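Scope of the values below: all heavy atoms of this structure, side chains included, with no hydrogens, waters or symmetry mates. Each chain gets a letter, A, B and so on, in the order its sequence line appears, and its residues count up from 1. Everything numeric here is computed off the predicted structure, so don't read it as measured data.
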Amino acid sequence: MINFFNTLTGKKEAFVPINAGEVKLYTCGPTVYDFAHVGNFRAYIFEDLLKRFLQFMGYKVVHIMNITDIDDKTIRGANAQGVDLNTYTQKYIDAFFKDIDTLNILRADTYPRATEHIPEMVAIVKQLIQKGYAYKKDGSYYFSIAKFPAYGRLSKINLEELQPGQRVDADEYEKETVHDFALWKAKKEGEPFWETEIGPGRPGWHIECSAMSSKYLGETFDIHCGGVDNIFPHHENEIAQSEAASGKKFVDYWLHCHHLIRDGEKMSKSRGNTITIPEILKVKNNPAALRLLLLSTHYRKTLNFSFQALDQAETALERINEFAGKVKYVPYPEGETSQVARILAEADQWFRAGLSDDLNISKAMTALFNLIKKVDVAIARADFKSQDAQKVDLFIRSINTVLGVITPIKSETAVVDTLRHKLNLIPPRVIVADETEMPKITAQQKDKIERRQEARAEKDFAKADQIRDELAAEGILLEDTKDGVRWKAVPIPKKPG
RNA sequence: GGCGCGGUACCCAAGAGGCUAAGGGAGAGGUCUGCAAAACCUCGAUUCGGCGGUUCGAGUCCGCCCCGCGCCUCCA
């Protein structure tokens, strides 16, 4: 059974989708007025983990993520640059998708844009007018929260105790009550507008999510995600609009991701302490390590971003990759042992149990590391066979459909018979198990490995070390083991800055 | 002021009444080795922000206090 912490009830609850075997998921996407920062992607990675885990557990997931391409900031940005709205937002949309791919985040089924769903929004506003939840003032339409008694249920906010911020009063639009919010904003000088049945203007912020979620997922759907800062007012307002319009429950499970902080402070554009994915990768070019870092703190806990933490994630990931490669590429004797099935069953159980418990990623990672430890011990004792390796490899691939970070390191131990070479019995040679499975290595590089082995046999260590350095600069790492020289292909380290 | 989250080893981080307080990183010792690196093995908190209380038994429940953070206004 899968449990999720539901913001609506404030409790962990058993997850039961409306239609068995199918999950309808809506996640709040970016407002494309600037480049998204890591904090934004922490939320998208959490949602990706959620989605991948549901798929792993056999659910079909229909995932919608909106793109807010019209709001105060996009309009301001476009006007400042003297370009039209679409031209302005497109470069941020492109950057967003590029980062999504870099972080190996699965694409949503649809990324509806606000500007392409004006008629759907107008239809909801009309319904709200008709049912008496909306009123018009100076060409704008507002939602009257006094008409919706359940208002505040999600955020647990008691309106009477709310201390309105100063900027509420500074709102340029006329409202009956401060907390009423705009559904539709009347046409204004210097702003894009649409001619509609409810008059010329543009949508308020919240209405797009109500309109687009119901269009693609239905009036009631399973899960709605976002950052905690969306709980109020955005999601509260969505509930009010949608439930007032449809007369039905809007969403069963609300899951909210906590913030990513930097130096103890929330990372946000308004504070100016943001950092983007490309900026991070300029310092440490390892997207999978970044993904692991963002993934490995539980989503309801604040995550403090630092490059030290990124280094730790990278080291941990290398260990996993090393192990995955050892299982996938290294040949073992035919057969199987009895213990590996047991180790795997235990790891599988922990992995599922962990993620089933409100996405407890720590427990899931523990399952993986304990597996690694136990199998490594078995390998060290030569108590590990080829069929064991296949099963472990399969398991790793399976959990990697959820984690999305593992790339087995391809490497091979070259057995060079230096003694026989010295006696001129055979030429030195690098023995490779399966050429097609090997990482990229040139004949020249192989030749160098052989020449280094010759140098070592002749105790010309200066030459041997020089060759090792040359290969390292080319991304081929040499390691002398008791079985021979082992090489692996690694990314060539980049100089920061 | 209201609502909410968190404080567990040098760092990150599980655990939410009872077998020896997961796991990762760093560190120490070891195997291997020309050296190095890597890989692997072993070790590591008598103690969970503080003080009281409940209990046979408390990181875990209750009370008070201290500290950090978020939301209440556009924000993932």
Side-chain angles (χ1 to χ4, degrees), chain A residues 7 10 27-31 33 36-47 68 71-73 152 155-171 178-179 205 225-234 236 256-261 264-271 292-293 296-304 306 308-309 311-320 322-323 326 350 354 357 360-370 372-373 376-377 379-381 411 413 456 459-462 464-465 468-469 472 477-483 486-488:
Chain A
T7 308
T27 61
C28 277
T31 300
Y33 72 102
H37 57 73
V38 225
N40 301 119
F41 284 100
R42 198 246 169 137
Y44 306 144
I45 290 225
F46 141 65
E47 289 151 4
T68 303
D71 79 319
D72 294 352
K73 284 180 235 182
S155 52
K156 279 117 192 123
I157 276 175
N158 181 343
L159 284 175
E160 267 118 61
E161 288 168 0
L162 261 183
Q163 287 193 342
Q166 292 167 324
R167 282 177 55 190
V168 173
D169 295 328
D171 197 302
V178 279
H179 296 295
W205 173 34
C225 300
V228 283
D229 50 357
N230 277 153
I231 296 172
F232 189 89
H234 185 50
E236 196 71 69
H256 291 98
C257 173
H258 281 239
H259 286 294
L260 179 147
I261 61 172
E265 272 201 335
K266 177 184 172 182
M267 180 178 289
S268 69
K269 287 165 185 168
S270 48
R271 283 178 208 253
L292 181 62
L293 173 64
S296 54
T297 293
H298 183 76
Y299 76 94
R300 284 194 293 115
K301 184 161 179 166
T302 307
L303 166 63
N304 197 355
S306 70
Q308 189 205 350
D311 283 339
Q312 292 192 2
E314 183 177 51
T315 310
L317 179 58
E318 269 169 17
R319 175 145 170 244
I320 297 168
E322 181 76 34
F323 176 79
K326 183 158 47 184
W350 266 73
D357 180 18
N360 186 334
I361 186 70
S362 296
K363 193 169 178 182
M365 293 309 290
T366 296
L368 174 57
F369 282 111
N370 283 342
I372 290 175
K373 173 79 134 240
D376 272 338
V377 170
I379 292 173
R381 287 184 190 148
S411 65
T413 300
R456 290 182 70 215
K459 299 213 181 291
D460 184 357
F461 298 121
D465 290 351
R468 183 168 63 198
D469 291 345
L477 223 65
L478 295 189
E479 294 157 8
D480 298 320
T481 74
K482 63 176 188 286
D483 299 320
R486 172 175 188 258
W487 59 269
K488 61 184 179 188

Is there a side-chain contact between [X] and [Y], using heavy atoms and a 4.5 Å cut-off?
X: A:M267; Y: A:I261; value: no
X: A:S362; Y: A:H298; value: no
X: A:H258; Y: A:K301; value: no
X: A:I320; Y: A:F369; value: yes

Looking at [X], I'd like to know whether one of its side-chain N or O atoms comes within less than 4.0 Å of OP1 or OP2 on [N].
X: A:N360; N: B:A22; answer: no
X: A:R319; N: B:A39; answer: no
X: A:K301; N: B:A14; answer: yes

On RNA chain B, nearest-nucleotide positions of A:A464 versus A:H298: which is more 5'?
A:H298
Heavy-atom nearest nucleotide on RNA chain B for A:F461 versus A:R300: which residue maps closer to 5'?
A:R300
Pairing partner of [N] (Watson-Crick or G-U wobble, both distances under 3.5 Å):
N: B:C51; result: B:G63
N: B:G4; result: B:C69
N: B:A16; result: none
N: B:U33; result: none
N: B:A9; result: none
N: B:G57; result: none
N: B:A45; result: none

How far, in whole Å, is [M] from [N] if one measures between their [atom1] atoms?
N: B:C67; M: B:G49; atom1: P; result: 16 Å
N: B:G70; M: B:C56; atom1: C1'; result: 41 Å
N: B:G18; M: B:G23; atom1: C1'; result: 23 Å
N: B:G59; M: B:U47; atom1: P; result: 11 Å
N: B:A45; M: B:A26; atom1: C1'; result: 16 Å
N: B:A16; M: B:A58; atom1: C1'; result: 10 Å
N: B:C66; M: B:G50; atom1: C1'; result: 7 Å
N: B:G27; M: B:G44; atom1: C1'; result: 9 Å

[X] near the nucleic acid: base, sugar-phosphate alone, or nothing, with a heavy-atom cut-off under 4.0 Å?
X: A:E47; value: nothing
X: A:A316; value: sugar-phosphate
X: A:D376; value: sugar-phosphate
X: A:G226; value: sugar-phosphate
X: A:N304; value: nothing
X: A:S155; value: sugar-phosphate

For A:T7 and A:H256, does a side-chain donor sit closer than 3.5 Å to a side-chain acceptor?
yes
Rounded to the nearest angstrom, tell me the gap between atom [atom1] in [X] and atom [atom2] in [N].
X: A:I379; N: B:A39; atom1: CD1; atom2: P; value: 14 Å
X: A:L368; N: B:G23; atom1: CG; atom2: P; value: 13 Å
X: A:H234; N: B:C72; atom1: NE2; atom2: P; value: 13 Å
X: A:D229; N: B:U73; atom1: CG; atom2: P; value: 13 Å
X: A:K373; N: B:C40; atom1: NZ; atom2: P; value: 10 Å
X: A:D311; N: B:C12; atom1: CG; atom2: P; value: 14 Å
X: A:F369; N: B:A14; atom1: CZ; atom2: C1'; value: 13 Å
X: A:K326; N: B:A38; atom1: NZ; atom2: C1'; value: 10 Å

A:D357 has its side chain closest, among B:C5, B:G25, B:G15, to B:G15
Check this for me: does the side-chain of [X] come within 3.5 Å of the base of [N] through a donor and an acceptor?
X: A:R468; N: B:A37; result: no
X: A:S362; N: B:A14; result: no
X: A:Q312; N: B:C11; result: yes

If the condition is side-chain contact (heavy atoms from CB on, under 4.5 Å), which residues does A:H259 pass it with, not counting sequence neighbours?
A:V228, A:D229, A:K266
Syn/anti state of B:G59 by chi, 90° boundary around 0
syn
Do NZ/NE/NH1/NH2 and the carboxylate oxygens of A:R468 and A:D465 come within less than 4.0 Å?
yes
Donor-acceptor check, side chain of A:D357 to backbone of A:N360, threshold 3.5 angstrom: yes or no?
no
